[in-house]
Amino acid sequence: MLGKLTWAAIPFDQPIPLFAAGLVGFIIFCVLVYVTLKGWVPYLWREWITSVDHKRIGVMYVLLAGVMLLRGFTDAIMMRSQQALAFQSPGYLPPEHYDQIFSAHGTLMIFFVAMPFVIGLMNVVVPLQLGVRDVAFPTLNSVSFWLTATGALLINVSLVVGEFARTGWLAYPPLSELTYSPGVGVDYYLWSLQISGVGTLLTGVNFVTTILKIHAPGMTYMRMPMFCWTALASCLLIVAAFPILTATFAMLLLDRYLGFHFFTNEAGGNMMMFINLIWIWGHPEVYILVLPAFGVFSEVVSTFSGKPLFGYRSMVMATLAICILAFMVWLHHFFTMGAGADVNAVFGVATMIIAVPTGVKVFSWLFTMYGGRIVFATPMLWSIGFMVTFVLGGMTGVLLAVPPADFVVHNSLFLVAHFHNVIIGGVLFGAFAGYTYWFPKAFGFRLHEGLGKAAFWCWFIGFYLAFMPLYALGLMGMTRRMQHYDVPAWHPWLLVAALGAAVILAGIACQVAQLVVSVRRREEFRDVTGDPWNGRSLEWSTASPPPAFNFAVLPRIEQRDAYWAMKQRAWQQAEPGEPHYEDIELPRNSATGFICAFFATFMGFALIWHIWWLVAASFFGAFVTFVVFAWRDRTEDLIPADEVARIDRADRRARGAALAHMQSVP
C-alpha cells in the first residue's frame with residue numbers, strides 16, 4: 001500500500017534532523033494559526049496563491065529564495081563548524097549526515113535560492129521595463145512558480161522522511177546508481193529537480209516569448225533596458241540547456257528504476273557520458289544565473305551614477321557573445337578525465353575567450369561611473385563590491401582554464417573558493433542589489449539604508465574571511481568534502497573560514513532586521529512618486545506598487561532610457577493633458593498552478609517511495625486540472641475606464657506634487 005515507506009524512514013536515532021524538522025514544523029504551524037486567526041486566508045488565496053499577476057509571482061519567487069537561503073545557509077554553517085571542530089576528532093556530524101548536508105547545500109543554493117531569486121526579479125521588472133501589462137502566458141507563469149516550490153518542498157521533506165542524496169550536488173554515477181546508493185536520497189534529488197526543472201523551462205519559454213514579441217509602442221530591441229537583454233540571454237540558455245538536464249536525469253532514473261545501463265559500466269554504459277551531459281547543462285547554468293545579475297548591475301550603476309550606460313551596443317553584443325560561448329566551455333570541469341591535450345587545449349582557450357565579453361561589461365560599468373555623480377546607496381555598494389569580488393573570481397577562473405594548473409588543484413578547496421567567488425560575488429550580490437533597488441517599486445516603501453549597508457559590509461567582509469582561506473587550503477592539498485582531517489597546518493585556515501561564515505550570518509541577521517524595521521516604519525519610508533532613485537527606465541514611470549494593469553495607457557517610446565527622457569521633457573514644458581482612458585482586460589486569477597503543484601508534490605513523493613496507486617491518482621488529478629483550465633469559458637476580467645482613470649489621476653497628482661517640490665528647491 002505504501003511502497004517502500006515504513007516507520008524506519010523517520011530518523012529517530014538522529015537528533016539533529018529531528019530537532020530541525022520539529023522546529024520548522026512548529027514555525028509553519030504558528031504561521032498558519034496566526035494567518036487563520038487574523039482572517040487573512042481568503043485574501044492570501046485570492047490575491048497571492050491564485051494570482052497570475054507577474055509582480056506578485058515575482059515577489060513569491062523572491063520570498064521562496066529567501067526562505068531557502070536560510071535553509072541552505074544553515075547547511076553551510078554546519079559544514080564550516082564541523083570542519084573547524086574536526087581536527088584530529090570526528091566532530092559532531094556523522095559522515096553519512098555530513099554527506100547529505102553538503103549535497104543538500106549545493107542543490108538548494110543553486111536550484112532553489114539563486115534560480116528563484118533571479119527569476120523573481122525578472123518577473124517583477126521585465127514587463128514593466130518593456131512597457132507592457134503582463135508576460136505572454138500569465139497562467140503558465142503561475143504553474144512555473146508552484147512547480148519550483150514543489151521541488152523545494154520535496155527536498156525539505158527528505159530532512160525528516162527518508163534521507164537526501166550523499167552524492168554531491170550533481171549526483172555523479174556510479175555513486176548515484178542503485179548499487180551504491182540503494183536508499184531514496186538520490187530519488188528525492190532526481191524527482192525534485194525534474195519537477196522544478198519543468199517549471200524553470202516553462203519560465204524560459206514564457207520570457208523569451210515576452211521579450212521578443214510584446215513591447216510598448218516604439219520599444220525596439222535596441223531601446224530595451226540592459227536588464228531585458230540579460231534576461232533574454234538567460235532565458236534562451238534555459239530553453240536550450242534545461243532539456244539536457246531533464247533528459248540526463250531521465251536516463252539516470254531509468255537506470256535506477258528499470259535497470260537500464262546508460263551510465264553503468266556493464267552492458268555498454270558509460271558514466272563519463274553523464275558527466276559530459278550534466279556539464280553541458282551545468283556551465284550554461286552558471287551564466288543563466290549571472291547574466292540577470294549583470295543586468296541588475298547595469299541598471300544600478302547607470303541610475304546611481306546619473307548617466308546613461310556606457311557602450312550600450314557593446315554590452316548587448318557582449319551579452320549575446322556570453323550566451324553563445326557558454327555552450328563551448330563545459331569540458332574545463334573535467335580536464336582530468338583524460339580527453340587528451342588537444343581537446344583540453346581547445347576548451348581551455350574557449351574558457352579564456354569567454355572572459356573577454358565579461359571584461360567588456362566590467363569596463364563599461366567603470367566608464368559609466370567615471371565622471372558621474374555617484375550616490376553610494378545600498379544597491380550601489382552591492383554593485384561595487386561585486387566588481388571587486390567577481391574580477392578576483394574571474395582571474396582564478398582563468399587560472400583554472402589552464403589544464404596543467406587545473407590538474408594540480410582539481411577537486412580541491414581552491415575550486416570551491418573559485419565557485420563561491422563567482423556565485424556569491426556575482427549572483428547573490430546581484431540579487432541583493434536588485435532586491436534593494438526594486439523593493440520600493442514592488443511594495444511602495446524603501447528599505448532601511450543603515451541596516452542595508454551594515455548587511456552589505458558583513459557579507460563583503462564575511463565572504464573574504466570565509467573563502468580566501470579555501471584558496472590557500474586548496475593549494476596546500478586539502479580536497480573537497482572532508483568530514484575530518486589530521487593535518488595541523490589546515491586547522492587555523494578552517495577556523496578563519498568558520499569565523500567568516502559567522503560574519504555572513506550577521507549579514508543575514510541585518511537583512512532580516514532591515515526587512516522587519518522597514519515594514520514597521522513603512523509610512524516613514526513611503527515612496528509616493530514611484531521613482532525613489534531618480535531612475536531611467538519605464539518601471540519608475542508607474543506608481544509604487546504598480547496597479548494590476550501596470551500602465552493606464554501604454555507609453556510611447558522614442559529613445560533609450562525612456563523614462564529619463566520623459567522627465568526631462570516634463571522639466572522643460574508644462575505637463576501634457578490627460579490621456580484618453582479605456583477599459584483594460586486582464587487575465588483572471590487561476591488556481592491551476594497551485595492545484596498542479598499539489599498533485600505534483602504527491603506524485604513526486606509517491607515516485608520516490610514507489611507508491612504506484614498514488615502516482616496514478618496524482619497524475620490523473622493534474623490532467624483533470626489542465627482539462628478544466630482549458631475549458632474555461634471566461635478567461636479575463638474587465639477594469640472599467642473610470643477605475644483606470646481614478647488610479648492614474650492619483651498617481652499623477654503625487655508625481656506633480658513631487659516635481660513641484662523639486663523645482664522649488666534651490
Side-chain angles (χ1 to χ4, degrees), residues 62 65-66 69 73 114 117-118 121 125 226-227 230 290 292-307 309-310 361-394 420-443 445-468 500 503-518 525 527 531-536 540:
V62 172
L69 176 62
F73 189 76
F117 221 141
V118 298
L121 293 177
V125 177
M226 187 51 59
F227 185 70
T230 57
V290 84
F294 287 170
V296 172
F297 296 128
S298 298
E299 302 295 329
V300 168
V301 168
S302 176
T303 295
F304 290 103
S305 298
K307 290 175 58 184
L309 184 66
F310 181 88
K361 289 179 172 291
V362 173
F363 281 112
S364 177
W365 296 319
L366 291 175
F367 281 124
T368 303
M369 294 167 62
Y370 180 75
R373 300 182 65 179
I374 300 174
V375 178
F376 291 99
T378 304
M380 192 64 173
L381 290 181
W382 287 113
S383 302
I384 296 171
F386 148 79
M387 289 182 214
V388 176
T389 307
F390 192 81
V391 166
L392 204 63
H420 286 80
N421 210 159
V422 172
I423 295 298
I424 293 179
V427 180
L428 263 187
F429 280 19
F432 292 151
Y435 161 75
T436 312
Y437 181 59
W438 283 307
F439 187 93
K441 177 52 55 181
F443 294 101
F445 59 93
R446 290 175 289 108
L447 289 167
H448 190 281
E449 272 289 296
L451 286 168
K453 290 177 178 177
F456 163 75
W457 285 112
C458 286
W459 267 95
F460 188 71
I461 295 168
F463 167 80
Y464 281 90
L465 286 173
F467 293 101
M468 293 303 113
V503 176
I504 293 176
L505 178 62
I508 293 176
C510 287
Q511 289 174 301
V512 174
Q514 178 193 35
L515 184 60
V516 172
V517 170
S518 301
F525 299 140
D527 168 34
D531 184 22
W533 311 118
N534 195 19
R536 310 182 71 85
W540 306 112

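Quick caveat: nothing in here was measured; it's all calculated off a predicted structure.
Between F294 and F390, the ring centre distance stays below 6.0 Å. Checked against a 6.0 Å centroid threshold, the rings of F227 and W438 count as neighbours. Between F525 and F445, the distance separating the two ring centers is not shorter than 6.0 angstrom.
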Verdict with reasoning, Y437 to T303, per side chain to side chain donor-acceptor pair (under 3.5 Å): CA-CA 10 Å; Y437 181 59; T303 295; 2.7 Å; yes
Test side chain to side chain donor-acceptor pair (under 3.5 Å) applied to S383 and W365, step by step: CA-CA 9 Å; S383 302; W365 296 319; over 6 Å; no
F310/F363 under side-chain contact (heavy atoms from CB on, under 4.5 Å): CA gap, chis, key distance, verdict: CA-CA 9 Å; F310 181 88; F363 281 112; over 6 Å; no
Verdict with supporting geometry, W533 and R446, side-chain contact (heavy atoms from CB on, under 4.5 Å): CA-CA 10 Å; W533 311 118; R446 290 175 289 108; 4.3 Å; yes
Evaluation steps, side-chain contact (heavy atoms from CB on, under 4.5 Å), between L392 and M468: CA-CA 11 Å; L392 204 63; M468 293 303 113; 4.1 Å; yes
Residues L505, F73; criterion side-chain contact (heavy atoms from CB on, under 4.5 Å); working and verdict: CA-CA 8 Å; L505 178 62; F73 189 76; 3.7 Å; yes
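Taken from CE in M369 to CE in M387, the straight-line distance is 5.0 Å, to the nearest 0.5 Å. A distance of 11.0 Å separates CE of M380 from CZ of F297, quoted to the nearest 0.5 Å. If you take CZ on F432 and CG on L69, they are separated by 5.5 Å, rounding to the nearest 0.5 Å. Between the CZ atom of F304 and the CZ atom of R373 there is a distance of 14.5 Å, given to the nearest 0.5 Å. Here CZ of F463 is found 6.0 Å from OG1 of T389. Values are rounded to the nearest 0.5 Å. In this structure, OG1 on T378 lies 8.5 Å from CG on L447, to the nearest 0.5 angstrom.
Summarising the geometry of V503 relative to C458, their closest heavy-atom pair is CG1-O, 3.3 Å, with the distance given to 0.1 Å. Residues G295 and T230 come closest through the heavy atom pair CA-OG1, 3.3 Å. Shortest non-hydrogen contact noted between A114 and V427 is CB-CG1, 3.9 Å. In this structure, A455 and W382 approach most closely via the heavy-atom pair O-CH2, 4.2 Å. The two residues M226 and S298 have their closest heavy-atom pair at CG-OG, 3.6 Å.
Two residues are said to be in side-chain contact when any heavy atoms from C-beta on lie closer than 4.5 Å; F439 and L515 meet this criterion. Side-chain contact check for W459 versus L428: some heavy-atom pair is nearer than 4.5 Å. In this structure, L309 and F367 have side chains that are not in contact, with every pair of non-hydrogen atoms separated by 4.5 Å or more. At a threshold of 4.5 Å between non-hydrogen side-chain atoms, the residues L451 and V517 count as touching. Looking only at side-chain heavy atoms (C-beta outward), V296 and L121 come within less than 4.5 Å of each other.
In this structure, the side chain of K307 engages the main chain of T368 through a donor-acceptor pair within 3.5 Å.
For the side-chain contact (heavy atoms from CB on, under 4.5 Å) test with I384, the passing option among F376, F456, F429 is F376; the others fail.
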